[in-house]
Each structure stands twice: as C-alpha cells, then as structure tokens.
Participant: 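Here it is, the structure, as structure tokens.
Keep in mind that this is a model prediction, so the values were computed, not measured.
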Amino acid sequence: MWPGQAMSLKVDEVLYDAQTEFQRLSIFRSRDGPWGNVMVLDGAIQLTDRDEFVYHEMMAHVPLLAHPCPKRVLIIGGGDGGVLREVLRHPEVEQCDLVDIDGAVIEQSKVFFPKIASGFANPRAHAMVGDGAAFVRDKESVYDVIIVDSSDPEGPASVLFGEEFYSNVKRCLKPNGIVCSQGESAWLHLKLIENMSSFLKEKMAFPSVKYGMIYIPTYPCGSIGCLIAAKDAATDVTIPVRSLPAEEVATLKYYSADVHKAAFALPAFARSLNA
C-alpha cells in the first residue's frame, strides 16, 4: 500500500501479539516519545494513545453533524471503539450498531485501550462480531448514518470497497442518509480516491460525494481522509448543521466547526476531488 516508505516507532514492551482468524494483531508500548500504547494490524499502525482522537473525531462528527437528526448509526469495522465513543457523544443517537469481523480487536482494545473502548459499555451501543458486508445485505432504510471504519483495501477489508457492498449500504440508508468511509491518503493514493469518488457518483448514483483531509502524524504521509456520500443532493456534508452539547465540545481535541469546513478545502493537487 505504501511502496518505498515506512513508519516506525520504538517498541519498548510488547503487550499482545497473535495471529487472529483474520490478521496479525499486535499491541506494544512506546515509552520514548508521546505515543503510549500502539495497535498494529498486519504491520500497519492503526492507532496510538497520543493521536487516536484525530481520526475518530473526524470520522464520527463530520457525517453526524452534517445530518440534522441522526438517530440510528451503523459502524462497520471500528473494533477498537474509538468511532463508537465519538458517535455516542451525540444525544440524538438512540442506537449505534457496530459490526467488526475480528472479535480479538474488540476484546484487546478493552484491555489495552480502555478509554478508547469506553463506548462498548454504553446501553445505546450494540456491538457484534461478524461480517459487516453480510450484515447490510438484508436491510432497507434503517440507518441515518453509516460509518465504514475499515483498514486498507487489502486482506479482510477488501470486500468493503466493492459494488455489492455499496449497493447494500445505500439501500440501508434512509432517504437523507450519509455514508462516511475511510478514504486513504491523498498524498499516496490520489488515483484510488479519484476512482472511488467516481464510482460512488457514477456507478452508485450518490448525488453528493466529498473528500475531507485529516492530518494525523502516525498514518502514512501524516494524513488520511474521509470519503463522504449523501443520498440527498441537498445535503452539504462540508458544513455542520448542528453542534454538540457544550460539555461534549469541551472534551474534543481535534474536531471543531472550523476544522470540519477546512477539511474540504483541499490543496491544488487534490482539488478536483471536490469539484
């Protein structure tokens, strides 16, 4: 996925390392520097204690605050619980379902990342171990927002990047529904993002598709993105239409209304993504 480059952190103590049914899950502590505990899947950093809030806040709050009243939310993937934690900051959310194919990620997150995984104990959260692609096959007009918190399009997450999957996702969304997917880095995967954006617009017939840039130091090239599609052409995901309660806003470390809007102001080399 990242030819010719690598990201490395010093491993001071291995906390967990095992081959699950689907992938290699490793968790280690990095004491030199600010990173703390680090989760790695198949050799790729997924999160660290220091900067996890960046990705999780943006993946949750951008789509939810672009929706006027998100009551039902589905997270596909996201077994670490970070996006779930952020979704549950919204009092409008009555139920958040989470489906992750690898139960080991959920269980080890509870052990080694308890603050990130805190949302699993919330009564509005319904977490399941299973195939997210299969979960959306037989549902229609159920969810206001679907968040696809997947790893890269290789290995167990590859099925979450295809036509069948997004056809089912679109059917699962209510008429003014929004889907937000992990969108890769514009620095490394611009062509892939262009293809995914065109696919969602032309093949899947989403009338509005936008790419938001997210800056996070421990991801390749220090950035990742969220690719957001709306079923209603009148939905402008680049502007928040609500705000979180003041007590929740005070807990945020990255997201703000200004950051929300700025994420879609892309540099010249990527500007065509949001044309």
Participant: Would you check if the side chain of Gln182 reaches a backbone N or O of Glu184 as a donor-acceptor pair within less than 3.5 Å?
Facilitator: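 Side chain of Gln182 to backbone of Glu184, a donor-acceptor pair under 3.5 Å: yes, one is there.
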
Participant: Has the side chain of Arg89 got a donor or acceptor atom that lies under 3.5 Å from a matching backbone atom of Pro245?
Facilitator: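 Judged by distance alone, no pair lies under 3.5 Å.
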
Participant: For Ala117, is there any backbone N or O sitting under 3.5 Å from a side-chain donor or acceptor partner on Arg85?
Facilitator: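 It does not hold such a pair.
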
Participant: Between Phe53 and Tyr254, what is the ring plane arrangement, given parallel below 30°, perpendicular above 60°, and tilted in between?
Facilitator: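 Tilted.
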
Participant: If you round to the nearest 0.5 Å, how far is CG of Asp149 from SG of Cys226?
Facilitator: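 Nearest 0.5 Å value for the SG-CG distance: 11.5 Å.
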
Participant: Parallel, tilted or perpendicular, judged at 30° and 60°: which one describes the rings of His260 and Tyr255?
Facilitator: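 Answer is perpendicular, since the angle exceeds 60°.
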
Participant: If the condition is side chain to side chain donor-acceptor pair (under 3.5 Å), which residues does Ser223 pass it with, not counting sequence neighbours?
Facilitator: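 Checked Ser223 against side chain to side chain donor-acceptor pair (under 3.5 Å); matches are Ser185.
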
Participant: Test His61 against every option in Glu86, Glu248, His56 by the side-chain hydrogen bond (donor to acceptor under 3.5 Å, both in side chains) rule and name the one that passes.
Facilitator: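 Of Glu86, Glu248, His56, side-chain hydrogen bond (donor to acceptor under 3.5 Å, both in side chains) with His61 is met by Glu86 alone.
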
Participant: Which donor-acceptor pairs under 3.5 Å do side chains of residues 267-275 form with protein atoms, sequence neighbours excluded?
Facilitator:
{"residue": "Asn274", "atom": "OD1", "partner": "Tyr211", "partner atom": "N", "Å": "2.8"}
{"residue": "Asn274", "atom": "ND2", "partner": "Tyr211", "partner atom": "O", "Å": "2.9"}
{"residue": "Asn274", "atom": "ND2", "partner": "Phe264", "partner atom": "O", "Å": "3.3"}

Participant: Looking only at atom types and distance, does a side-chain atom of Lys210 sit under 3.5 Å from a main-chain N or O of Thr238, one as donor and one as acceptor?
Facilitator: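 Judged by distance alone, no pair lies under 3.5 Å.
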
Participant: If you count the non-hydrogen atoms of other residues, nucleotides and ligands that lie under 6.0 Å from NZ in Lys203, is the total more than 12?
Facilitator: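 Incorrect, the count does not exceed 12.
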
Participant: Are any side-chain N or O atoms of Ser118 and backbone N or O atoms of Lys115, one a donor and one an acceptor, separated by less than 3.5 Å?
Facilitator: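 At least one qualifying donor-acceptor pair exists.
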
Participant: Group every Ile, Leu, Val, Met, Phe, Trp and Tyr by side-chain heavy-atom contacts under 4.5 Å, then state whether Val73 and Val148 land in the same group.
Facilitator: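 Hydrophobic grouping puts Val73 with Val148.
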
Participant: Side chains of Asn176 and Pro68: does their closest heavy-atom pair fall under 4.5 Å?
Facilitator: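 Side-chain contact under 4.5 Å: yes.
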
Participant: So, do Val105 and Gln46 sit near enough that their side-chain heavy atoms are less than 4.5 Å apart?
Facilitator: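 Side-chain contact under 4.5 Å: no.
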
Participant: Give a yes or no on whether the backbone of Asp49 and the side-chain of Asn37 come within a donor-acceptor separation of less than 3.5 Å.
Facilitator: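 Judged by distance alone, no pair lies under 3.5 Å.
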
Participant: Please report the interatomic distance CD(Glu140) to CG(Asn168), rounded to the nearest 0.5 Å.
Facilitator: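 These two atoms lie 11.0 Å from each other.
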
Participant: For a side chain to side chain contact (heavy atoms under 4.5 Å, CB included) check, start with the C-alpha distance between Ile45 and Trp35, then their side-chain angles and the critical distance, and finish with the verdict.
Facilitator: CA-CA 11 Å; Ile45 294 171; Trp35 309 113; over 6 Å; no

Participant: Which pair of non-hydrogen atoms, one from Tyr16 and one from Ala18, has the smallest distance, and what is that distance?
Facilitator: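 Nearest heavy atoms, Tyr16 then Ala18: OH-CB, 3.7 Å.
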
Participant: For Arg50, look at atom CZ and say whether over 12 heavy atoms of other residues, nucleotides or ligands are found less than 6.0 Å away.
Facilitator: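 Incorrect, the count does not exceed 12.
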
Participant: How long is the gap from CD1 on Ile146 to OH on Tyr166, to the nearest 0.5 Å?
Facilitator: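 It comes to 10.0 Å.
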
Participant: Taking all heavy atoms of Val209 and all of Ser197, pick out the closest pair and write down the distance.
Facilitator: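 Nearest heavy atoms, Val209 then Ser197: CG1-OG, 3.7 Å.
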
Participant: Tell me whether Lys10 at atom NZ has more than 12 heavy atoms from other residues, nucleotides or ligands lying less than 6.0 Å away.
Facilitator: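 Open: at most 12 neighbouring heavy atoms sit under 6.0 Å from NZ of Lys10.
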
Participant: Do Glu163 and Met204 have side chains that get closer than 4.5 Å, going by heavy atoms?
Facilitator: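 In short, these two side chains touch, coming nearer than 4.5 Å.
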
Participant: Checking the side chain of Lys71 only, and the main-chain atoms of Asp144 only, is there a donor and an acceptor separated by less than 3.5 Å?
Facilitator: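 No; zero donor-acceptor contacts below 3.5 Å.
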
Participant: Distance-only, no hydrogens or angles: does the Lys170 side chain make a donor-acceptor pair with backbone N or O of Ala205 under 3.5 Å?
Facilitator: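 Yes.
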
Participant: How close do Ile147 and Ala60 get, heavy atom to heavy atom, and via which atoms?
Facilitator: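 Closest approach of Ile147 to Ala60: CD1-CA, 4.0 Å.
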
Participant: In Å, rounded to the nearest 0.5 Å, how long is the span from CD1 of Ile75 to NE2 of His126?
Facilitator: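 One gets 12.0 Å once the value is rounded to the nearest 0.5 Å.
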
Participant: Is it true that a side-chain atom of Asp100 and a backbone atom of Gly79 form a donor plus acceptor pair closer than 3.5 Å?
Facilitator: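 Side chain of Asp100 to backbone of Gly79, a donor-acceptor pair under 3.5 Å: yes, one is there.
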
Participant: Give the intermediate values and the outcome of side chain to side chain contact (heavy atoms under 4.5 Å, CB included) for residues Tyr55 and Leu47.
Facilitator: CA-CA 9 Å; Tyr55 175 80; Leu47 61 89; over 6 Å; no

Participant: Linking I/L/V/M/F/W/Y whenever their side-chain heavy atoms sit closer than 4.5 Å, directly or via other members, would Val83 and Met128 fall into one cluster?
Facilitator: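 Yes: a chain of side-chain contacts under 4.5 Å links Val83 to Met128.
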
Participant: Can you see which heavy atom on Ile214 is nearest to which on Gly225, and at what distance?
Facilitator: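 Here Ile214 and Gly225 meet closest at CD1-C, 4.1 Å.
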
Participant: Salt bridge check, Arg72 against Asp97: does any charged N sit closer than 4.0 Å to a carboxylate O?
Facilitator: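 Salt bridge between Asp97 and Arg72, a charged N being under 4.0 Å from a carboxylate O: yes.
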
Participant: Are any of the side-chain heavy atoms of Phe28 and Val40 separated by less than 4.5 Å?
Facilitator: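 Heavy-atom side-chain distance check passes, below 4.5 Å.
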
Participant: Rounded to the nearest 0.5 Å, what separation is found between the OG atom of Ser30 and the CG atom of Leu9?
Facilitator: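 That separation rounds to 5.0 Å.
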
Participant: Go through it in stages, so that I can follow the logic: the residues are Val259 and Met58, the test is side chain to side chain contact (heavy atoms under 4.5 Å, CB included), and I'd like the CA-CA distance, side-chain angles, deciding distance and then a yes or no.
Facilitator: CA-CA 9 Å; Val259 168; Met58 292 295 282; 3.9 Å; yes

Participant: One pair to check against side chain to side chain contact (heavy atoms under 4.5 Å, CB included): His67 and Thr235. What are the steps and the verdict?
Facilitator: CA-CA 8 Å; His67 193 288; Thr235 300; over 6 Å; no

Participant: Mind checking whether Cys96 and Arg124 have side chains closer than 4.5 Å, heavy atoms only?
Facilitator: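 They are not in contact (no side-chain heavy atoms under 4.5 Å apart), so the answer is no.
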
Participant: For the side-chain contact (heavy atoms from CB on, under 4.5 Å) test, which of Val93, Leu244, Ile178 pairs with Leu64?
Facilitator: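 Testing Leu64 for a side-chain contact (heavy atoms from CB on, under 4.5 Å) against Val93, Leu244, Ile178 leaves exactly one candidate, Val93.
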
Participant: Can you check whether Lys253's main-chain N or O pairs, donor with acceptor, with Glu57's side chain at less than 3.5 Å?
Facilitator: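 Checking the backbone N and O of Lys253 against the side chain of Glu57, a donor-acceptor pair under 3.5 Å is found.
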
Participant: Going hydrophobic residue to hydrophobic residue with side-chain gaps under 4.5 angstrom, can you get from Met59 over to Val241?
Facilitator: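 They do not share one cluster, since no chain of ILVMFWY contacts under 4.5 Å joins Met59 to Val241.
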
Participant: Just to verify, what does Ser198 make a side chain to side chain contact (heavy atoms under 4.5 Å, CB included) with, not counting sequence neighbours?
Facilitator: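 Result, side chain to side chain contact (heavy atoms under 4.5 Å, CB included) vs Ser198: Glu202.
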
Participant: Looking at Ile27, Thr48, Asp80, which one forms a side-chain contact (heavy atoms from CB on, under 4.5 Å) with Phe113?
Facilitator: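 One option only clears the test, and that one is Ile27.
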
Participant: Which atoms form the tightest heavy-atom contact between Met213 and Tyr215, and what is the distance?
Facilitator: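 That closest heavy-atom pairing would be SD-OH, 3.4 Å.
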
Participant: With heavy-atom distances below 4.5 Å as the criterion, would you say the side chains of Val62 and Val237 are in contact?
Facilitator: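 Val62 vs Val237: side chains apart.
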
Participant: Is there a side-chain contact between Val54 and Tyr219, using heavy atoms and a 4.5 Å cut-off?
Facilitator: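 Val54 vs Tyr219: side chains apart.
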
Participant: When rounded to the nearest 0.5 angstrom, what distance separates CD in Gln23 from CG in Leu25?
Facilitator: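 Gln23 CD to Leu25 CG: 7.0 Å, rounded to 0.5 Å.
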
Participant: Heavy-atom count check: over 12 atoms from other residues, nucleotides or ligands less than 6.0 Å from Glu247 CD?
Facilitator: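 It does: Glu247 CD has more than 12 such atoms within range.
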
Participant: Can you find a heavy atom in the side chain of Glu107 that is under 4.5 Å from one in the side chain of Val111?
Facilitator: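 Glu107 does not reach Val111 side chain to side chain.
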
Participant: Kindly give the heavy-atom pair with the smallest separation between Pro63 and Cys180, and that separation in Å.
Facilitator: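 Heavy-atom minimum between the residues: CG-CB, 3.7 Å.
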
Participant: In this structure, would Val38 and Met7 fall into the same cluster of hydrophobic residues linked by side-chain contacts under 4.5 Å?
Facilitator: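 Yes, it is one cluster - the side chains of Val38 and Met7 are joined through contacts under 4.5 Å.
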
